[in-house]
Number of protein chains: 2
Amino acid sequence: MTTRDRRRRVTIADVANHAQVSTTAVSKVIRNAYGVSPAMRDRVKAAIDELGYRPHAAARAMRGRTFTIGVMLPHIRNPFFADILDGLNAQLDDTGYQAIMIQGGATQKAEAPAIDALVDRQVDGILMISPLAPRARLEAVGREIPTVVLGRHERSAVYDAVFDDDEAGAELVVNHLIGLGHRRIAHITHQDNSTARPSDLLHIIRAETYERVMREHDLAAEIAIATTYYTEEGGYDGAQQLLARSRRPTAIFAGADQAAFGALAAVHEAGLAVPGDISIAGYDNTRLAALPNIAITSIDQDGAVMGHTAARLLLERIEGRTSAVRFSVTPSLVPRRSTAAPPPQDG
Amino acid sequence: MTTRDRRRRVTIADVANHAQVSTTAVSKVIRNAYGVSPAMRDRVKAAIDELGYRPHAAARAMRGRTFTIGVMLPHIRNPFFADILDGLNAQLDDTGYQAIMIQGGATQKAEAPAIDALVDRQVDGILMISPLAPRARLEAVGREIPTVVLGRHERSAVYDAVFDDDEAGAELVVNHLIGLGHRRIAHITHQDNSTARPSDLLHIIRAETYERVMREHDLAAEIAIATTYYTEEGGYDGAQQLLARSRRPTAIFAGADQAAFGALAAVHEAGLAVPGDISIAGYDNTRLAALPNIAITSIDQDGAVMGHTAARLLLERIEGRTSAVRFSVTPSLVPRRSTAAPPPQDG
DNA sequence: GTAGAAGTGGGTAACGTTATCCATCGCCTC
DNA sequence: GAGGCGATGGATAACGTTACCCACTTCTAC
């Protein structure tokens with residue numbers, strides 16, 4: 001049996017022909033719509049199976065739903081996003097919805113077309129993970145398509161927010177380090193070119209909380225921030241900057257595990273021991289942070305719960321909910337071997 | 001200015017009206033099609049800018065292209081895929097094509113609907129990263145849509161293949177360990193339920209090469225394979241199995257860095273030192289393998305080159321190439337601190 | 001027994017775009 | 001000056017699906 005190149009797809013009309021009913025009837029069966037008898041349903045379903053029919057998503061997009069959830073994430077390299085995705089996909093399983101992902105990148109300029117791409121592809125719902133776009137843009141998207149924003153704290157009437165209580169998390173870290181006896185605690189934060197309101201962005205919240213807690217403990221003079229990126233390279237560069245200071249810190253709080261990994265590398269390279277000379281703490285409690293060789297103290301925010309909640313909220317919105325919801329997870333400290341009391345002479 | 005809910009998208013007809021031309025003319029300008037004067041082009045472009053028009057991808061899909069490349073990847077947690085994606089996206093930049101990703105998961109059963117989802121969304125090209133699907137299925141997809149398969153070795157007339165020379169890579173690792181003096185070298189491989197021809201799957205090739213090289217060095221009696229998964233958990237479990245053997249291995253070759261990370265954890269937990277008691281090697285040379293705390297000997301296969309080549313091949317196919325291409329990258333060994341001579345009594 | 005309701009099936013017009021024609025206008029050539 | 005040709009712009013029919021209606025039948029209630 002030679003297959004002819006690019007044979008035509010099986011369409012709803014083929015199914016209708018084969019089952020000797022109207023295309024309308026077939027469409028109704030597919031959508032579980034009202035107005036089909038059980039007999040009709042069985043008949044059409046049989047025809048669908050026989051012909052191996054699958055709805056053409058692009059055609060559906062013209063009139064109805066695409067059964068697609070679009071996920072915009074900055075970059076797939078961050079393993080924390082994998083946790084979120086797992087939660088999302090688990091919740092979407094068996095709903096008929098499929099999640100597609102698109103990378104937004106590190107700049108607003110790169111992110112904008114990625115968001116457009118999802119909108120243009122007519123997804124039924126959008127999950128934006130730590131977007132850089134200004135709030136007005138998110139609201140514009142949210143007005144057009146059900147939207148959930150993950151990782152930003154702002155209130156909006158048109159989209160839902162899922163986030164971690166970053167203030168509580170950062171507080172946990174800094175208090176943990178101070179409790180161990182550290183005074184010269186430095187912070188590595190993330191540089192963005194976002195035009196969002198700073199207080200809505202998680203890295204700003206973490207950094208500001210760090211500063212606030214330091215001040216509250218009369219450590220304002222010890223505040224030291226390296227502004228690089230929440231990436232391995234960023235953590236590496238940031239730690240190098242901090243280590244080069246005349247008053248070397250005894251502890252580094254990296255705003256994300258990824259950055260903490262890089263910081264770890266830089267500290268080692270400088271010939272210093274962790275936690276003997278310098279303590280290091282991260283954020284996100286990614287699985288790698290738990291590896292015995294790394295064993296970085298971190299903040300756990302349940303990514304799976306965040307992802308699964310985001311999916312649930314999206315489905316609710318698709319079903320018609322219009323009120324806005326904010327969902328926040330409470331972080332917890334996971335102490336590991338990377339943090340300990342500072343060396344005696346520095347205490 | 002109160003915005004009305006869900007206002008209508010700007011369509012090609014709106015642009016045509018605004019520019020006082022036909023929709024056909026607008027379409028031609030968008031597609032850079034033949035038959036438009038420079039004056040017409042400018043006029044239409046001005047209207048497009050003024051109205052902020054963007055083509056509706058779903059509508060385009062009904063007739064022409066979607067300017068979308070679909071990427072199926074097993075799971076985003078594997079950082080090696082991030083390298084591939086970086087290469088792909090860099091190549092796609094400024095071509096007007098957007099890459100969307102979808103997770104295929106760890107089983108054929110989960111992967112099938114993911115592949116369907118891309119086909120149904122009418123993407124212009126598909127990149128499948130280490131798919132589990134049987135070859136016939138890949139060919140069926142390839143006949144319908146330009147396809148590149150990354151990570152499998154099979155020859156096909158309808159799709160292109162991009163892969164690493166896994167045989168050479170595995171040989172490098174095993175020879176490296178033997179050269180250090182190891183004899184009891186174990187391997188951690190990946191379990192799949194794929195119905196693909198085994199010799200086409202990279203983990204099978206790595207495992208078989210391991211066995212072959214062992215036999216070639218008269219070490220057939222020392223062959224020990226743990227079949228778990230190319231994940232952190234898999235590496236952890238696999239290493240535990242191997243450590244529990246009466247004849248404990250002095251070296252473990254994990255088929256992927258992810259698994260090597262888990263193996264590292266298991267070895268540490270067992271109170272053994274790396275490389276003092278046991279050497280560990282991985283595969284993929286992910287960035288994390290280079291972290292000083294991990295420093296795992298690994299095999300470098302240039303993911304960025306693979307991704308960028310995959311993109312190039314897809315674009316060529318979309319432009320009409322029908323001949324099949326195979327592209328293979330040559331791997332290289334990156335020795336790090338995790339491998340050394342075996343302890344004296346075990347040599 | 002009849003009016004109305006409920007249940008069931010189908011016809012049809014969109015949705016936004018593009019491919020395929022077709023028509024017109026200059027201009028060139030002999 | 002007629003014939004032809006390239007350049008340009010537009011009309012129109014799809015693409016596969018669904019929402020909205022309408023028509024018909026069979027119940028139910030009085």
Side-chain angles (χ1 to χ4, degrees), chain A residues 6-44 47-48 51-68 96 116 119-124 144-145 318 320, chain B residues 6-45 47-48 51-68 96 116 119-124 144:
Chain A
R6 313 260 162 129
R7 59 195 151 186
R8 214 172 50 79
R9 260 185 94 95
V10 178
T11 74
I12 210 172
D14 299 327
V15 175
N17 266 330
H18 191 262
Q20 298 285 9
V21 297
S22 70
T23 58
T24 302
V26 178
S27 174
K28 281 179 180 170
V29 171
I30 298 169
R31 292 175 289 132
N32 270 317
Y34 175 83
V36 262
S37 62
M40 169 69 95
R41 183 173 306 278
D42 292 346
R43 189 169 175 178
V44 170
I48 287 175
L51 299 182
Y53 166 79
R54 292 198 316 264
H56 190 293
R60 281 185 137 175
M62 299 285 299
R63 295 293 287 166
R65 298 183 181 175
T66 54
F67 292 95
T68 309
D116 286 346
V119 174
D120 297 345
R121 276 157 193 78
Q122 202 79 356
V123 296
D124 294 334
E144 206 173 332
I145 297 176
I318 291 171
Chain B
R6 313 258 162 130
R7 58 195 153 188
R8 216 171 48 77
R9 259 186 95 95
V10 177
T11 75
I12 209 172
D14 298 328
V15 176
N17 265 331
H18 191 262
Q20 298 285 11
V21 297
S22 70
T23 58
T24 301
V26 178
S27 175
K28 281 179 179 170
V29 171
I30 298 169
R31 291 176 289 131
N32 270 318
Y34 176 83
V36 263
S37 63
M40 168 70 92
R41 183 172 308 278
D42 292 346
R43 188 169 175 176
V44 170
K45 284 200 163 160
I48 287 176
L51 299 181
Y53 166 80
R54 293 197 315 264
H56 189 293
R60 283 185 135 173
M62 300 284 301
R63 298 292 287 166
R65 298 182 182 176
T66 54
F67 292 95
T68 308
D116 286 346
V119 175
D120 297 345
R121 274 157 194 76
Q122 203 78 357
V123 295
D124 294 334
E144 206 174 332

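Residue numbering restarts at 1 for every chain, and letters A, B, ... go by the order of the sequence lines.
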Fill in: All side-chain contact (heavy atoms from CB on, under 4.5 Å) counterparts of A:D42, not counting sequence neighbours
none

Worksheet item: Of A:T24, A:V29, A:I30, which is the lone residue that meets side-chain contact (heavy atoms from CB on, under 4.5 Å) with A:V26?
Response: A:I30

Worksheet, complete the sentence: B:K28 NZ to D:dA11 C1', in whole Å, measures 11 Å

Worksheet item: Of the nucleotides C:dG10, D:dT18, C:dT18, which has the atom closest to the A:S22 side chain?
Response: C:dG10

Item to complete: Respond yes when some side-chain nitrogen or oxygen of A:S37 is under 4.0 Å from OP1 or OP2 of C:dG9, and no when none is.
Response: yes

Worksheet item: Does A:Y34 put a side-chain nitrogen or oxygen below 4.0 Å from OP1 or OP2 of C:dG7?
Response: yes

Discussion item. Which residue in the set A:N17, A:T11, A:V15 passes side-chain contact (heavy atoms from CB on, under 4.5 Å) when paired with A:L51?
Written reply: A:V15

Worksheet entry | Rounded distance in Å - CZ (B:R54) to C1' (C:dT17) | 16 Å

Worksheet entry | Between C:dG10 (C1') and A:R43 (CZ): distance, integer Å | 14 Å

Fill in: Spacing of B:Q20 atom CD relative to D:dG10 atom C1', expressed in whole Å
14 Å

Worksheet item: For the side chain of A:R43 and the backbone of A:A19, is there at least one donor-acceptor N/O pair under 3.5 Å apart?
Response: yes

Worksheet item: Which nucleotide in the list D:dG9, D:dT18, D:dG16 gets nearest to the side chain of A:A59?
Response: D:dG16

Fill in: Atom pair distance, as rounded to whole Å: CZ in A:R9 and P in D:dT17
7 Å

Item to complete: Evaluate the side-chain proximity of B:T68 to B:R121: yes if any heavy-atom separation is below 4.5 Å, no if none is.
Response: no

Discussion item. Without decimals, in angstroms, what is the distance between B:I12 CD1 and C:dC15 P?
Written reply: 14 Å

Worksheet item: Between the side-chain atoms of A:R63 and the base atoms of D:dT17, is any donor-acceptor pair under 3.5 Å?
Response: no

Item to complete: Please state how far atom NE2 in B:H56 lies from atom C1' in C:dT18, giving the value in whole angstrom units.
Response: 15 Å

Discussion item. Check the phosphate of C:dG16 against B:T11, side-chain N and O only, distance under 4.0 Å to OP1 or OP2. Yes or no?
Written reply: no

Practice prompt. Could you check how far CG of A:N32 sits from P of D:dT18, rounded to whole Å?
Written response: 12 Å

Discussion item. Determine whether a donor-acceptor pair (one donor, one acceptor, N or O, separation below 3.5 Å) exists between the side chain of A:T24 and the base of C:dG11.
Written reply: yes

Worksheet item: For C:dA19, does OP1 or OP2 lie under 4.0 Å from any side-chain N or O of B:R31?
Response: yes

Fill in: 5' precedence on DNA chain D between B:A39 and A:M62 (nearest-nucleotide basis)
B:A39

